[in-house]
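Residue numbering restarts at 1 for every chain, and letters A, B, ... go by the order of the sequence lines. These numbers come from a predicted model, not from an experiment. When reading the values below, keep in mind they use all heavy atoms of this one structure, side chains included, and skip hydrogens, waters and symmetry mates.
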Number of protein chains: 4
Amino acid sequence: MFNDADNLTEKQKGILTAATELFAEKGYAATSTSEIAKKAGVAEGTIFRHYKSKKDLLLTVVSPVMIKIIGPYIKKDLYNVLDAEFDHYEDFLRAMIANRINFITDNISFLRIVVQELPFHEELKNQAVEHIGKDIFEKLRGVIRYYQEKGQIVPGHPDAIIRMVGSSIFSYILSRYVLFPESAWEDEEIEIDRIIQLLSNGIGMIDE
Amino acid sequence: MFNDADNLTEKQKGILTAATELFAEKGYAATSTSEIAKKAGVAEGTIFRHYKSKKDLLLTVVSPVMIKIIGPYIKKDLYNVLDAEFDHYEDFLRAMIANRINFITDNISFLRIVVQELPFHEELKNQAVEHIGKDIFEKLRGVIRYYQEKGQIVPGHPDAIIRMVGSSIFSYILSRYVLFPESAWEDEEIEIDRIIQLLSNGIGMIDE
Amino acid sequence: MFNDADNLTEKQKGILTAATELFAEKGYAATSTSEIAKKAGVAEGTIFRHYKSKKDLLLTVVSPVMIKIIGPYIKKDLYNVLDAEFDHYEDFLRAMIANRINFITDNISFLRIVVQELPFHEELKNQAVEHIGKDIFEKLRGVIRYYQEKGQIVPGHPDAIIRMVGSSIFSYILSRYVLFPESAWEDEEIEIDRIIQLLSNGIGMIDE
Amino acid sequence: MFNDADNLTEKQKGILTAATELFAEKGYAATSTSEIAKKAGVAEGTIFRHYKSKKDLLLTVVSPVMIKIIGPYIKKDLYNVLDAEFDHYEDFLRAMIANRINFITDNISFLRIVVQELPFHEELKNQAVEHIGKDIFEKLRGVIRYYQEKGQIVPGHPDAIIRMVGSSIFSYILSRYVLFPESAWEDEEIEIDRIIQLLSNGIGMIDE
DNA sequence: AATGAATGAGACTTCATTCAT
DNA sequence: TATGAATGAAGTCTCATTCAT
């Protein structure tokens, strides 16, 4: 996971891991520090030796990851994509989807926390906007413009395109891997083809 | 709001309204019954005269609404849409979007609760799947098929289409009305045209 | 005691009494709320239904008393004294001493708290200065001037006189009733005569 | 300060100094050992290497000082006074007052601790009575008797005289240097003359 | 000797829930 | 039906003290 970080004692790593999982599973407010302690196998007081408060623990669980891991993680992928200079944007999408699936399923606990707690904690919101919103979104605009200039993507304001592409991918992953993992899904490849097909040509019949 | 229901005393309505707003604002676990009581202008004990427990209050806030209000609400809209038998699916989309905007902005508190608490309460999940998942999704499949048969929408498994259309609309509303209401947005009409355009023709250039 | 006040439930009175005694006995910081609860025969939570915090309890124990009881108490005595218009200031002193003895021994718990905690709590200090310092001191100056004008007390700045008289009385009571109650003391009357004698004529031999 | 004592490492002196100041400032019970450690610039554990417990630290802060420093300090002064064989007790008082002012203002932290914590710790009380009560009080009686025999001080039980003189001086210093240092005070010399005048001749008019 | 991570008892406080009025 | 005082379990957090390094 992301705790391979460094200068942390075993206990501290245990606390972070336990907190991450419990926050994801039950929500921040419904998780007690004594549960975290028990799961981490430490005394409750130990938690507060390292984190000033429960809130501080939440921010720690969420913040350095956001900064150190997710930021570079996403950026690295984007750079790969850009450097690879795919001949066609569809290849870009395909790479993107594959990568997002890995990312989301790998970091599902962390993402759940972010999504669940974001609305309730100003501090989290600031961090999220700071480290994802601005940075990543700008990169994505560049990508879209790149393929627009290559004449592969329709012209127009990139934000609307990003929203449509992004939400399509996101809702697919959400549906398949989080909400209804037990439903009967077709082969990954086929589903992805379908999404790219729809994104590329739209849902309208050509003759219109 | 939705409390115009019926056989509820003023106190009960007050409790439900207060609970709805506070749950939406701070989350279920972080809201105390005494806060609810204060906001509703009743004594703490009064809440428990009407609702067995705090959890019961959450379910009450969320469940009968889901059943009595949202179900019909959505269905009524869909029937309107279906009855209207739009000549073109784009008109259907347009009506759908307008309607969803109203619905979401009107019921933002309620929806926040559902989204936030869904993952943590088995009972809620069951209700949601029962009353929205199955019911609504089936209707939507019907709509898609209707326009597929009219030759306006590309053939293919409706679910993927629903996901793409739904998530596009949803992410637009989410972005504009919930996440970044203070950003500089263009005219609603233009934005909607853009979405429908993208949905219809896709993001790929035609000659491909 | 001072809890004969009013609109307080039995429990609340119990809490105040228990807190007063324990704070006096062990000091504020060394007294736990669970001890107070046990001594008062209530659940620990009950304390916090009535007092926002432990600090709030301290202020309550100390403040309204200072305002409602001690203020009038002292004032009433002073007025009695002033109204009585003693022929001689020695009679005033005698009355004063008798009264102070009663007051201090009656309110020993309360006074201990004030003396012990005053240095550590800004709020207390403010209250004390407000309600005793200003008010009482001014009254005392009036008394001194009264007897100065009658030609019974030496002229000069009243504050120094008040300090000497006050501290003599105070140190006598402190020694006899608080610090060394088990020592062998002479008859009260004799001791008081001695003090008044010393205060009146000083410690120097007359011929000087 | 008083820690120039001896065989103490820098660390130990730092701990004692930090503890003294913090105990004086916030009270014993409200001071944490970690605060002391931080202020002293040592690790938390180091305190317990030198002092068995927090209580032991308090006793150390207060005890050897009481024995080694204050005792001799006071005694030395008294001997000076006695050796000097002032012609007049007023000179003695003047020297005494000057000396007490220095002593109190120099050792204010230490004295605060003694005064504050004395009532709560049996051990402290014993030490105090042992090393000050008995010893010093006996010396003072001697001084009083000395001037009584010289015919300068009125005859009578010395204790009452000591109390009056002592408390007058004490209350002056307390008022001027501790409680209301920011008030408008007259010249030290004038104030002291006033006190000695009052102590010598009393507050009554001579003709009585 | 010194460190500081770890502990666990216990501090203060909150809160859902009960019950006499 | 409504109240709100009372409860006690549980929550967050502090702190003196221990111990491996």
List in chain and number order the residues that pass side-chain hydrogen bond (donor to acceptor under 3.5 Å, both in side chains) with Glu117(B), two or more places apart in sequence or in another chain; answer none if no residue qualifies. His121(B)
Just the rounded figure in Å: distance from C1' of dT12(F) to CZ of Phe23(A). 12 Å
Position toward the 5' end of DNA chain E (nearest nucleotide), Glu35(C) or Val42(D): Val42(D)
Would you mind reading off the distance between Leu58(D) atom CG and dC15(F) atom P, rounded to a whole angstrom? 17 Å
Separation of Leu59(B) CG from Ser53(B) OG (nearest 0.5 Å): 7.5 Å
Does His50(A) put a side-chain nitrogen or oxygen below 4.0 Å from OP1 or OP2 of dA6(E)? yes
Looking at Thr20(B) and Leu16(B), would you say the former's side chain and the latter's main chain have a donor-acceptor pair under 3.5 Å? yes
Should Tyr51(D) and Leu58(D) count as side-chain neighbours, where that means a heavy-atom distance under 4.5 Å? no
Roughly, in whole Å, what's the span from CD1 in Ile36(C) to C1' in dT13(E)? 13 Å
At under 4.0 Å between heavy atoms, how does the protein contact nucleotides 16-21 of chain E? Give one character per nucleotide, 5' to 3', with B, S or -. BBB---
d(CD, Gln12(A); P, dT7(E)) in whole Å: 12 Å
Just grab all the salt bridge (Lys or Arg N to Asp or Glu O under 4.0 Å) pairs involving residues 45-58 of chain A, residues at least two apart or on different chains. Arg49(A)-Glu44(D), Lys55(A)-Glu123(A)
Take the protein atom CD1 of Ile15(A) and the nucleotide atom C1' of dA5(E), then report the distance between them rounded to whole Å. 10 Å
Just the rounded figure in Å: distance from C1' of dG4(F) to NZ of Lys38(B). 13 Å
Taking the side chain as everything from C-beta on, heavy atoms only, tell me whether Phe48(C) gets closer than 4.5 Å to Leu57(C). no
Salt bridge (Lys or Arg N to Asp or Glu O under 4.0 Å): which pairs involve residues 23-40 of chain D, sequence neighbours left out? Glu21(D)-Lys39(D), Lys26(D)-Glu35(D)
DNA chain F in dot-bracket, Watson-Crick or G-U pairs under 3.5 Å, [ ] crossing, | other strand? .||||||||||||||||||||
Using modelled atom types and a 3.5 Å cut-off, is there a donor and acceptor pairing between side-chain atoms of Thr31(A) and backbone atoms of Leu22(A)? yes
To the nearest angstrom, the CD1-C1' distance between Ile47(A) and dG8(E) comes to 13 Å
Among all residues two or more places apart in sequence or in another chain, which pass the ring-ring contact (aromatic ring centres under 6.0 Å, His included) test with Phe23(B)? Tyr28(B)
